[in-house]
Amino acid sequence: MKKILYIAAAVAATAAFTISAKKNEIQQNLNIFNQLYKELNTFYVDSINPEKSINTAIEAMLDDIDPYTEYIPEKEQENLHRKTTGEYAGIGSYIMQRDGDVFISGPNEGSPAQLAGLRPGDRIVVIDNDTVLGMKSDEVSKRLKGPAGTQVRVTVARPYVGADSVLTFDITRRKIQEPSVTWSGVVRDHLGYIYLSSYTDKSADEVRKALLEFKANPEVKGVVLDLRGNGGGLVDAAVKILGYFLPAHTEVIRTRGKGPLNEKIYKTSGQPIMPDMPLFVLIDGGTASSSEITAGALQDLDRAVIIGNRSFGKGLVQSTRELPYNNLLYVTVAKYYLPSGRLIQAIDYSRRNPDGSVARIPDSLANVFKTRHGREVRDGGGITPDVNITRPEGSRLVYNIVRDNWAFDYANRYRATHDTIAPALDFVITDSIYADFKRSIDPEKFEYDKVCEVMLERMRQTAETEGYMNDSTKAEFDVLAGLLKHDLQRDLDTHRKEIEPFLAGEIAERYYYQKGRVQSQLRDDPDLDKAAEILASQDYITILSPSKTDKKKAK
C-alpha cells in the first residue's frame, strides 16, 4: 500500500513539475515578445503601427494551429453574429468584386434591395453622394449596412438598358434574416426535398416547418435532406435536426476537449417528426462540420442512405472566448465523435511536414468502425457515402465560363430583354437560347487555360534540346499543334451538356432568386435521381441493413 502511495505521489509531483515548467516557459517567451516590441518601438528607424504589428503576430501564431482558430477584433464581430444567426441589418444583397469595382451579384428575395429594384450585374457607382468606384467590396459592404430603419441612396450603372443605364435607388435598411432552408418542396413525384445551406439558430425551425408540410402530404413517401455545399455552423442546430428523425434520448455526438473532464454528450430530445419515413442525405466535398455531424450520425445509426461524394472532413468544434477590450478568440476547443466512435477529421494539424504544410490522413491509416446494423464505416477522411455518384471531371472550358462571368453576364442580359420565363423546375435552355449565349461570347476576350498548347510547346523545346528536332519531327509537331488549337464555337457545342446547368441556374435566379437556382439544378441531378430510384425499388432497407436482408434470403 505504501508503495502504491509513493508511486502516486511521485506521479503527481512529476505532473506538477511539468505544469510549472510549462508555465515558466510561457511566461519567459511572453516577456521576450514584450521586450522585443518595446525595443522595436523605441529604436526602429521608422514608426511602427502597433495595431497592425500585433495583429500580424497574432495571425501568424494562429495560422500555425489550424485554419478555424481566429482572433476577432470588436469591429469584425458582425460577421460572426451573421454566421451564427443569419441576421444583419442592411439592404439584403450579395455583392462581388470585379474589374476593380463592386457589383450586385444577387439580392435576396423580399429584401429592401430586391423590392427597390436592384438587379444582378448592377455596378455600384455612388453611395450617399460618395463615389465608391475602385473601392474594395468590404468597404462597400460597410457603407450598405447600417441600423434598421435608416435610409441609403445607391446609384448603379446597369448594362443592357440603353442610354438610361444610370439608376438611383433610395433604400430603407432593415433587419435581414437569411434563410437556412433555401427551398423545400416535392420533387420526383414522391420525395420531399429540403436544401439546407447552413446551420444557424433558426435552421432547426425552418427544417421542422418543411417536414410538417411533408408529413401532411400523402404523396410524400420519402425525404431528401440536401447538405451539398453546406459548410456547417452551430452544433446545437444539427442535434435538433437529428431529433426530427431519431428516437428521443439517442446519442448523436460527443465532443472531447483538453483533459478527461472536458467531454460532452449530445442526445436528441422530444419526439421525432419522421421516425420511420425513408430518408436520404446528399453530400459532397463542400459538406463540412455540422452538416457532417448530421450525415455521419444518420449513417452510423442506419437511419438514412447517404448519397453523393465524400464530404470535407472537419471533426473540430469551435467556441468563442472573451478577450480584453471586447475582442474575441474563436478557438478550436474539442473534437467530435460520431455514434460509432469515429472521428472524421481529415487533417491532423498537430502533425505538420517540415515545410509547415499539412496533408489529409491517407485511407490506408483509417480505422474501421461499425454502424448500428454492423456496416463498416471509417474515420479520418470525412463521410464516405453509402452510394457514391461518379461525376465526369469538369472541363476547363466550363471553369472559364463560370470564373470569367460569361454565364452571369448573359443571364443579366437575358433578364433585361425577357420579362418572364417558365417556372424554374420547368425552365430549359432551348437551342435558340444556347445559340444566343454562344454569340454573346467574344472570342477575342475569352481566356482559355491553354494547358495542351503549353505542354506541347514544352515538349517541342525538349525535343530541340535533346537533338530530336528535324524537318520531319517539326512537321509532326505542327500537325499536332493544329489539332490541339482551340476552336471556341466547336468547344461550346461539345460541352453544351456541361454548360447548360450553370446557364439555366443563372437565368432562373434572375427571376426566382436563390430558390430558383436550386430548383433549376434539380432538373438534371444524378444524386436526386438515385434517391428516387432507391425509393422506388425499395432498396432502402437492403442498403441500411444488409445482414438482416441476407438472413431473410437464407430462410
Side-chain angles (χ1 to χ4, degrees), residues 180-185 187-188 190-199 203-204 206-208 210-211 214 220-233 235 237-246 250 252-253 268 272-315 336 338-340 342 344 371-373 375 377 382-389 391 518 521-522 525-535 539-545:
S180 296
V181 174
T182 307
W183 182 73
S184 64
V187 296
R188 304 298 192 272
H190 301 296
L191 284 172
Y193 171 90
I194 300 173
Y195 181 79
L196 184 64
S197 62
S198 61
Y199 285 78
S203 299
E206 293 179 37
V207 172
R208 176 184 176 83
L211 291 177
F214 297 154
V220 174
K221 308 300 181 183
V223 171
V224 172
L225 184 61
D226 192 345
L227 301 180
R228 291 174 295 185
N230 185 325
V235 172
V239 175
K240 287 182 182 179
I241 290 171
L242 285 166
Y244 299 153
F245 305 105
L246 298 166
T250 300
V252 292
I253 175 184
T268 58
I273 298 173
M274 291 185 169
D276 304 312
M277 182 171 285
L279 176 62
F280 305 90
V281 179
L282 310 185
I283 65 172
D284 64 8
T287 303
S289 189
S290 294
S291 56
E292 289 178 294
I293 291 174
T294 305
L298 292 170
Q299 185 179 55
D300 281 7
L301 298 171
D302 294 307
R303 177 61 186 89
V305 175
I306 313 301
I307 300 174
N309 302 107
R310 183 189 289 192
S311 66
F312 181 81
K314 180 179 181 287
Y336 69 76
L338 296 172
S340 66
R342 58 177 169 151
I344 56 94
T371 69
R372 175 174 286 177
H373 293 158
R375 298 185 299 142
V377 289
I383 306 297
T384 300
D386 303 314
V387 181
N388 187 74
I389 303 298
R391 295 177 178 274
V518 172
Q521 304 300 325
L522 297 180
D525 188 331
D527 297 21
L528 187 60
D529 289 342
K530 177 57 69 172
E533 177 188 320
I534 293 172
L535 182 67
D539 286 341
Y540 181 78
I541 299 300
T542 304
I543 294 172
L544 297 180
S545 305

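Counting from 1, the numbers follow the sequence of the chain as shown. No hydrogens, no waters, no symmetry mates; every other heavy atom, side chains included, goes into these values. Since we're looking at a predicted model, the values are computed, not measured.
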### Task
Hey, could you give me the OG/CZ distance between Ser340 and Arg375, rounded to the nearest 0.5 Å?
10.5 Å
### Query
Is there side-chain contact between Ile383 and Leu338, with heavy atoms separated by less than 4.5 Å?
yes
### Task
Flag the pair Leu196 / Ile241 as yes when at least one side-chain heavy-atom distance between them is below 4.5 Å, and no otherwise.
yes
### Any donor-acceptor pair under 3.5 Å from Tyr336 side chain to Ser290 backbone
no
### Query
Is there side-chain contact between Leu227 and Glu292, with heavy atoms separated by less than 4.5 Å?
no
### Task
Hey, could you give me the CG/CD1 distance between Leu282 and Ile194, rounded to the nearest 0.5 Å?
11.5 Å
### Task
Quick one: do Asp300 and Arg342 satisfy side-chain contact (heavy atoms from CB on, under 4.5 Å)? Show the steps, please.
CA-CA 9 Å; Asp300 281 7; Arg342 58 177 169 151; 2.7 Å; yes
### Task
Go through the structure and list residues passing side-chain contact (heavy atoms from CB on, under 4.5 Å) with Asn388, not counting sequence neighbours.
Asn309, Pro385, Thr390
### Task
Start with the C-alpha distance between Leu225 and Tyr244, add both sets of side-chain angles, then the distance that settles side-chain contact (heavy atoms from CB on, under 4.5 Å), and finish with yes or no.
CA-CA 12 Å; Leu225 184 61; Tyr244 299 153; over 6 Å; no
### Message
The criterion is ring-ring contact (aromatic ring centres under 6.0 Å, His included); which residues satisfy it with Phe312, sequence neighbours excluded?
### Response
none
### Task
Could you tell me the separation between the CG atom of Asp527 and the CG atom of Leu522, rounded to the nearest 0.5 Å?
10.5 Å
### Message
For the OG1 atom of Thr268 and the NZ atom of Lys240, what is their distance to the nearest 0.5 Å?
### Response
13.5 Å
### Task
Taking all non-hydrogen atoms of both residues into account, name the closest pair between Ala238 and Thr294 and its distance.
CB-OG1, 3.7 Å
### Query
Side chains of Leu191 and Leu528: does their closest heavy-atom pair fall under 4.5 Å?
yes
### Task
Mind checking the OG-OH spacing from Ser184 to Tyr193? Nearest 0.5 Å is all I need.
10.0 Å
### Query
Below 4.0 angstrom, N of the basic side chain to O of the carboxylate: do Lys530 and Asp386 qualify?
no
### Summary
Separation between CZ (Phe214) and CE (Met277), nearest 0.5 Å, reads 10.0 Å
#### Entry: Sole residue of Ile273, Leu279, Leu535 in side-chain contact (heavy atoms from CB on, under 4.5 Å) with Val223
Leu279
### Contacts of Ser203 that satisfy side chain to side chain donor-acceptor pair (under 3.5 Å) - sequence neighbours left out
Ser180, Thr200
### Task
Could you go through the salt bridge (charged side-chain N to carboxylate O under 4.0 Å, His left out) check for Arg188 and Asp525 one step at a time?
CA-CA 11 Å; Arg188 304 298 192 272; Asp525 188 331; over 6 Å; no
### Task
Keeping the roles fixed (side chain from His190, backbone from Lys221), state whether a donor-acceptor pair exists under 3.5 Å.
no
### Query
Is the number of heavy atoms from other residues, nucleotides or ligands within 6.0 Å of CZ (Arg372) greater than 12?
no
### Message
A side-chain contact here means heavy atoms from C-beta on lying under 4.5 Å apart; do Leu211 and Phe245 qualify?
### Response
yes
### Message
For Asp284, give me all partners under side chain to side chain donor-acceptor pair (under 3.5 Å), at least two apart in sequence or on another chain.
### Response
Thr287
### Message
side-chain contact (heavy atoms from CB on, under 4.5 Å), that's the test. Do Ile293 and Tyr199 meet it? Break it down for me.
### Response
CA-CA 11 Å; Ile293 291 174; Tyr199 285 78; over 6 Å; no
### Query
What's the verdict on side-chain contact (heavy atoms from CB on, under 4.5 Å) for Ile534 and Ile307, showing C-alpha distance, side-chain angles and the deciding distance?
CA-CA 11 Å; Ile534 293 172; Ile307 300 174; 4.2 Å; yes
### Query
Can you name the closest pair of heavy atoms from Val281 and Ala295 and give their distance?
CG1-CB, 4.0 Å
### Partners meeting side chain to side chain donor-acceptor pair (under 3.5 Å) with Tyr540 (sequence neighbours left out)
Arg303
### Residue list, side chain to side chain donor-acceptor pair (under 3.5 Å) with Asn230, at least two apart or on another chain
none
### Task
Provide the closest heavy-atom pair for Leu298 versus Leu242 in the form atom of the first, atom of the second, distance.
CG-CD2, 3.5 Å
